[in-house]
Every structure is written in C-alpha cells, then in structure tokens.
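The sequence lines fix the lettering, A, B, ..., with proteins before strands; numbering per chain opens at 1. These numbers come from a predicted model, not from an experiment.
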Number of protein chains: 2
Amino acid sequence: MAKPATKLSEQVRRGELYTVDCPSRGVLKHVTSLWGVLVLITLRSGTHRFSDLRRKAKGVSEKMLAQTLQGLEADGFVDRKSHPVVPPHVEYSLTPLGREASSQVESLVDWIEANLYQVMQARQRKQEI
Amino acid sequence: MAKPATKLSEQVRRGELYTVDCPSRGVLKHVTSLWGVLVLITLRSGTHRFSDLRRKAKGVSEKMLAQTLQGLEADGFVDRKSHPVVPPHVEYSLTPLGREASSQVESLVDWIEANLYQVMQARQRKQEI
DNA sequence: CCGCATCCGCGTTGATACTG
DNA sequence: CAGTATCAACGCGGATGCGG
C-alpha cells in the first residue's frame, strides 16, 4: 500500500479517542455496538452464513445485520465471501485482525456476564430508594 | 423487595447474552456506548465533576452525559457524591466494580488505538475498489 | 429462496433554553 | 454549576421489493 502513513500517523496517536473526529471513535462504535459485539463473538466459532448469524444473534433485524457486517468488513475485521449460486450463498469469517478484536470484546463480555449478578443487585438497591 | 436471587441466577448464566431480554445486554449497552466508554476511562484518573467530564469527553451533550452517568450509577459502576452548596458541587468516581469494568474497557480501547492504522488501511483498500 | 437495498413510523440523540 | 424541558434531526426496526 503506497502510504498515507504520514497523514494517518498524525491523527492516530494514543488518547485521540478524546478528539471528536478521530477515526477511532467510528471503529469503537462498530466494534462495541450490540450487533457488532454479537457478530464478532459468534464468528469466533467459525465461518457463518448471513442467515446463520441472523439466527444466532437473537433479535437482530436483517437491515442492521447487513449494516453491521458492512461496517466490520470495511474496517477489516470480517471477510466476506460470496458464492454466485442459486440460492445465494455468502460466508462471513473473521480476519486475523478481527480475531484479535473479537478476543478483546469477548473478554469484556465475559467480565460483564461474570459480574452481572452484582450489577443487578446494585440496580435493585437504587430502585428501593 | 427481598431478593429475586434465585430468579436472577436462572437468567444470569454464561452465554445468555444471546437471549434477547437478558439484562447483560442492557449492561453492555451502558458500558460500550461511546459516552459510557469515555466516562469510564476518564474516571480512571480520579474523581471528576460534571463539567470536568463534559470538557474531557469532547462532543458529549449535557443531556447524554447526565443520562450516561445515571445509567452507570444505577449499574453500580459510578459513585455520585453531591455536596449541597451554592454553586452545586457534584463529584463522580468509580466504584470498585466500576474500576474493574473500566479496566476491561480500557484494554479494548487500547487495542483499537494500537491497531487503528491497520483499520484505516483496510478502509482505504475498500474505498479504492 | 437468500442476501440485501429501500421506504416508512418511531424511539433515541443532539442543540438550545431554562431552573434550582 | 448541575442538571431538566423542549423540539428537531437522526438512527433503528419492520415491511417491502428485487436481483441473483
């Protein structure tokens, strides 16, 4: 790749998340959206078709799933393979980069699930007041 | 209410994130929202006032900051101390639970920032097609 | 039939103004 | 200073359409 290296390196410094128009905010949004999280985690177990993902990520609409996958694909986290057959067959899988990302996300989700009970207790305490 | 402890333990099992109405989805939403992330990370450096947070989390509106803080407080991640003086003085800090959560979130954000350059390259590749 | 783009109600968000 | 009230704008979900 040629190299917009210089241009990028200016904007891409640590802590730039605090800057309103830093691209990291966009990446963060893709990765941490509910459907982004579910897709990344689901794909850890292997390649999935569109409809498989739709079934596993309970509650996602077709539109949001397509949108989510496009975002993750554009960011280089997900690989899309379309087989030109009838009926259509499209496979989604994690890229090496996506596998790293999904690992981070999974660890966050694991923590949340492990501590969910404490959170629920905290919520109830507030509600009683 | 006494304790729906039994009730919770049924619903709060690993992998329940895939269930549409599992509370973990709500927690995830609070924690991974853009403003949730910024607040959690910002508070790692110590107690902050409302306006401090507003200034550091660039781009957040007063409404969303208030809303975000209420959500994180309800979930037991953030502690709110209001000093009844004029002008008002309210301090926000992390609870022990919140400190753990923010640690997880920070590690995700660190990874994103560290790999942002690769993501930007992937985006450009797609755009060139 | 599957994958996705489009169009339309509606809830959530954001900018502004106002109050304790 | 720390929020709430208000209204406009945007994003999401659901239904529909359509090419492959």
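- Between S61(A) and the phosphate of dG14(D), there is no side-chain N or O to OP1/OP2 separation shorter than 4.0 Å.
- Using a cutoff of 4.0 Å between basic side-chain nitrogens and carboxylate oxygens, D52(B) and R49(B) are not scored as salt-bridged.
- Taking 4.0 angstrom as the limit, R49(B) places none of its side-chain polar atoms (N or O) nearer than this to OP1 or OP2 of dC1(D).
- Nucleotide dC4(C) holds its P atom 9 Å from the CG atom of L65(A), rounded to whole Å.
- Side-chain N/O atoms of W35(B) include none lying less than 4.0 angstrom from OP1 or OP2 on dT12(C).
- We find the OG1-CD distance between T95(A) and E100(A) to be 9.0 Å, quoted to the nearest 0.5 Å.
- Here Q70(B) does not reach the OP1 or OP2 of dA2(D): none of its side-chain N or O atoms lies under 4.0 Å away.
- Counting any heavy atom pair closer than 4.0 Å across all strands shown, P88(A) reaches a base atom.
- Judged by distance alone, the side chain of H89(B) and the main-chain N or O of P87(B) form no donor-acceptor pair under 3.5 Å.
- Taking only side-chain nitrogens and oxygens, S82(B) never comes nearer than 4.0 Å to OP1 or OP2 of dA2(D).
- Residue K56(A) holds its NZ atom at 12.5 Å from CD1 of I41(A), rounded to the nearest 0.5 Å.
- When rounded to the nearest whole Å, the span between CE of M64(B) and P of dG11(D) equals 14 Å.
- Distance, L34(B) CG to dT13(C) P: 12 Å, rounded to whole Å.
- Contact between the side-chain N/O atoms of Y92(A) and the OP1/OP2 oxygens of dC2(C) is not found at any separation under 4.0 Å.
- If you measure from atom NZ of K63(A) to atom C1' of dG9(C), you get 11 Å, rounded to the nearest angstrom.
- Closest-nucleotide positions on DNA chain C for V60(B) and P87(B) were compared, and the one nearer the 5' end corresponds to V60(B).
- Here the P atom of nucleotide dC1(D) and the CZ atom of R54(B) are 12 Å apart, to the nearest Å.
- When each of E62(A) and V86(A) is assigned the nucleotide of DNA chain D with its nearest heavy atom, E62(A) is the one assigned upstream, toward the 5' end.
- As judged by a 4.0 angstrom heavy-atom cut-off over every strand, V90(B) is placed among residues touching the sugar-phosphate backbone only.
- Spacing between atom NE2 of H48(B) and atom P of dG3(D) amounts to 15 Å, rounded to whole angstrom units.
- In this structure, CZ of F50(A) is placed 9 Å from P of dA5(C), rounded to the nearest angstrom.
- When heavy atoms are screened at a 4.0 angstrom cut-off, R80(B) is found touching the sugar-phosphate backbone but no base atom.
- Of the possible polar contacts, none joining the R80(B) side chain to the E91(B) backbone as a donor-acceptor pair under 3.5 Å is found.
- Using a 4.0 Å heavy-atom criterion, one finds that E91(B) contacts no nucleic acid atom at all.
- Between D52(A) atom CG and dG3(C) atom C1' there is a gap of 13 Å when expressed in whole angstrom units.
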